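Below you'll find the structure, written out as structure tokens, and then a few comments.
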Amino acid sequence: MTRGSHTQGQRDLFNKIKEFQDSPGVYLMKDARGRIIYIGKAKSLKKRVQSYFRGDKDIKTRFLVGRVADIDTIITLSLIHISEPTRPY
């Protein structure tokens, strides 16, 4: 997460991400209106979410990250506890 001319909201988001646990789970990216714009899963929530804000990204990812105003997480015991709703068992 680079430093520079970030807004207060971006700095608050970066500080929130720093506090994420290094645990498996799901992250929900939200826009300024609080609408979920992306849902992802990760072995390490902290590392995965931070990766969106580091380095060069493709245009699709830059567009997504530019709209993110907040991120919520749901911690799970492992990625096995996260399943796709339409996936048959």
Side-chain angles (χ1 to χ4, degrees):
M1 290 180 287
T2 60
R3 297 287 180 234
S5 59
H6 295 296
T7 67
Q8 183 62 44
Q10 289 169 324
R11 286 190 296 272
D12 291 345
L13 182 60
F14 294 160
N15 287 332
K16 182 177 183 177
I17 293 168
K18 284 181 188 177
E19 300 301 318
F20 285 176
Q21 294 186 28
D22 191 25
S23 302
V26 176
Y27 54 95
L28 300 95
M29 294 183 169
K30 298 179 179 182
D31 66 11
R33 293 183 178 175
R35 295 178 298 193
I36 297 171
I37 56 174
Y38 188 79
I39 300 173
K41 61 184 178 181
K43 290 180 188 175
S44 167
L45 289 168
K46 185 175 193 168
K47 290 177 186 174
R48 178 64 184 121
V49 173
Q50 284 179 335
S51 75
Y52 282 98
F53 299 92
R54 291 192 173 141
D56 291 330
K57 302 295 178 206
D58 61 43
I59 193 158
K60 182 177 86 171
T61 304
R62 287 194 311 262
F63 179 77
L64 171 70
V65 169
R67 294 183 57 207
V68 174
D70 193 18
I71 303 174
D72 289 332
T73 61
I74 302 169
I75 296 172
T76 61
L77 297 176
S78 71
L79 287 181
I80 294 171
H81 291 95
I82 305 168
S83 63
E84 308 209 6
T86 58
R87 187 177 192 184
Y89 289 93

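Quick caveat, the model's predicted, so the values are computed rather than measured. By convention here, the first residue in the shown sequence is residue 1.
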Check whether any side-chain heavy atom of V68 sits under 4.5 Å from a side-chain heavy atom of I37, and report yes or no.
-> yes
Please confirm whether the backbone N or O of L13 pairs with a side-chain atom of K18, one donor and one acceptor, at under 3.5 Å?
-> no
Check whether more than 12 heavy atoms from other residues, nucleotides or ligands sit under 6.0 Å from atom NZ of K47, and answer yes or no.
-> no
Residues in side chain to side chain donor-acceptor pair (under 3.5 Å) with D72, at least two apart?
-> K16, K30
Just how far is it from atom CD1 of I75 to atom CG of D22, taken to the nearest 0.5 Å?
-> 10.5 Å
N15 versus E19, side-chain donor and acceptor atoms under 3.5 Å | no
For the pair I71 and L28, evaluate side chain to side chain contact (heavy atoms under 4.5 Å, CB included) and give the outcome as yes or no after the intermediate values.
-> CA-CA 5 Å; I71 303 174; L28 300 95; 6.0 Å; no
Does any donor atom in the side chain of R48 or S51 lie under 3.5 Å from an acceptor atom in the other side chain?
-> yes
Indicate yes or no: at least one non-hydrogen side-chain atom of V65 is less than 4.5 angstrom from one of K57.
-> no
Check whether any side-chain heavy atom of Y27 sits under 4.5 Å from a side-chain heavy atom of F20, and report yes or no.
-> no
Looking at side-chain heavy atoms only, is the closest gap between Y52 and I17 below 4.5 Å?
-> no
Hphob cluster co-occupancy, M29 + F63, side-chain heavy atoms under 4.5 angstrom | no
Drop me the distance from L45's CG to S23's OG, to the nearest 0.5 angstrom.
-> 6.5 Å
